[in-house]
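Some notes on the structure that comes next.
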Number of protein chains: 2
Amino acid sequence: MRHSGICAVLTASELQRLAQSARHTRHDAGAPLLFENSAITSYANVVEGVVKLSRVLRDGKQQLVGLQFAPDLLGRLFGDENLLNVEAASDVDLCRVPRNVLEELVASSTELKQRLLDQSLQDLDDARDWMVTLGRKDAQQRVASLLLLIAKRSGADAADTGTSFDLPLSRSDMADFLGLTIETVSRQISKLRHEGVIEVANHRRVTVPDMARLAHRAG
Amino acid sequence: MRHSGICAVLTASELQRLAQSARHTRHDAGAPLLFENSAITSYANVVEGVVKLSRVLRDGKQQLVGLQFAPDLLGRLFGDENLLNVEAASDVDLCRVPRNVLEELVASSTELKQRLLDQSLQDLDDARDWMVTLGRKDAQQRVASLLLLIAKRSGADAADTGTSFDLPLSRSDMADFLGLTIETVSRQISKLRHEGVIEVANHRRVTVPDMARLAHRAG
DNA sequence: CGCAGGTTTGAATGTCGTCAAACCAAGTGG
DNA sequence: CCACTTGGTTTGACGACATTCAAACCTGCG
């Protein structure tokens, strides 16, 4: 899930145009950012933290369909309807831009349009990658895949003792992303821990001594 | 999965430019159209039939990540690497266009670029929809979801007796798309048949007396 | 300290996968 | 025309893995 944020795709003059109307906002973990089927009134850049995109079935079950790390762009361009629930997974900093301003910019910049196309194609690739995970991997491989994804995208610091990072998701969120139950996620994490593939502190801080070994578990 | 094909997004003069280099090709069911990781040398429009996009795990398991019905566009724009296996699911007619010609057109037409962005966003929505199916639905709901999808996209003819269509996929392909095994797919189809939700002739021709009832089974 | 939320662990249940056999439709050759 | 083959599909018996239900366990906080 490597996206380029708004800032990365704008020229200096465009950025200036944007700065006039952009506003920073802060949100606590769990805060809803948009509701399913609501009209989109603004777009946003993820400045800090992780945002989760989800859909819910009629029976109440939930499935996360995407995670947005900084500096990803948030919000679906040119769609009138938002098909997703958008929530802060961790504490989040956003840089909001009114919809019409951004679309104005997009209309005037063919370069920008090109970059947005690239990004949506990247998102599509990511979504299809995850379809493989959901359709063909067992619980162990799914959990390993998620840890790998998080390690890659949240600036995990590498040391001699291994790579460390904080989980931006609760067990419940992880389960909803992996198509599993909380209990199964917990069991698989415990298994990886007992086998020395990962170390866990306070249920949230993860250390990976050997990334290749984790990758191997991911299938 | 509602895409607009090339033809739908081009002006008359652009179509003319395209006609000079476009070539029609025919492929039998099962024929490979592109290989994973191969450089893309051309793009194509699906004129007739259904094309399947898939990825394979190291252990040989396969997962379909998309289906392309006429008149969808085939091939990933602006990516140098093709991450997918592309095969004819049924007998297929393609309209091929050399890569450079299409990208030339895209570069010159901001309207075209816009439409391609729309399409990739639609594909992304579709992929995320299917993530919900793979992550949160049981076998029965998955099979019903697929039948519903095929009914919608392959021009199913509606009559007083119900809606009828041919399955463009083998049981094996269906299993790979649904994240199930052949046997489970077969069992669920039999179940739907015994319960009168669908009728099946020759293992391929499906009739749905009451679409709403099928939709209800899809979750 | 004691409560509350989230997490871990355990035992029992159920769904789907695996293995294996029967079935069906279409095509080939005697 | 019928026996035989072949590939795909269906059905059955069994086992494995994930879910469910329930209880114990941490960690942070009043």
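In what follows, every chain begins at residue 1, and chains take the letters A, B, ... in the order their sequences are listed.
A salt bridge is defined here as a Lys NZ or Arg NE, NH1 or NH2 lying under 4.0 Å from an Asp or Glu carboxylate O, and B:Asp173 with B:Lys52 meets this definition.
The separation between B:Gln188 atom CD and D:dT10 atom P is 12 Å, rounded to whole Å. The distance from atom CG of A:Asp138 to atom C1' of C:dG17 is 12 Å, rounded to the nearest whole Å. Here the P atom of nucleotide D:dA18 and the CG atom of B:Leu180 are 15 Å apart, to the nearest Å. Across the protein-nucleic acid pair, A:Ile182 atom CD1 and C:dG10 atom P stand 18 Å apart, rounded to whole Å. The distance from atom CG of B:Asp176 to atom C1' of C:dG17 is 14 Å, rounded to the nearest whole Å. C:dG17 atom P lies 10 Å from atom CG of B:Leu178, rounded to whole Å. With rounding to whole Å, B:His203 atom NE2 is found 18 Å from C:dA22 atom P. As rounded to whole Å, 16 Å separates atom P of D:dC17 from atom CZ of A:Arg136.
When only modelled atom types and interatomic distance are considered, A:Gln141 and A:Arg217 share no side-chain donor-acceptor pair under 3.5 Å. No side-chain donor-acceptor contact under 3.5 Å links A:Gln122 and A:Asp118.
The phosphate of D:dG28 (OP1 or OP2) has a side-chain N or O of A:Asn202 nearer than 4.0 angstrom. Contact between the side-chain N/O atoms of A:Arg187 and the OP1/OP2 oxygens of C:dT9 is not found at any separation under 4.0 Å. An OP1 or OP2 oxygen of D:dT19 is reached within less than 4.0 angstrom by a side-chain nitrogen or oxygen of A:Thr184.
When all heavy atoms of B:His27 and B:Leu94 are compared, the closest pair comes out as NE2-CD1, 3.7 Å.
No engagement by B:Gly30 is indicated, since no non-hydrogen atom pair under 4.0 Å with the nucleic acid exists. Across all strands shown, A:Ser190 has heavy atoms under 4.0 Å from sugar-phosphate atoms exclusively, and none from any base.
Side chain B:Glu183 to base C:dC16: no donor-acceptor pair is found below 3.5 Å.
For A:Ala139, whose side chain is taken as the heavy atoms from C-beta onward, the closest listed nucleotide among D:dA18, C:dT9, C:dT7 is D:dA18.
Annotation: salt bridge (charged side-chain N to carboxylate O under 4.0 Å, His left out) contacts of A:Lys61 (sequence neighbours excluded): A:Asp59.
Residue order along DNA chain D, read from the 5' end via each residue's closest nucleotide, puts A:Gly179 first among A:Ala201 and A:Gly179. Closest-nucleotide positions on DNA chain C for A:Lys191 and B:Lys61 were compared, and the one nearer the 5' end corresponds to A:Lys191.
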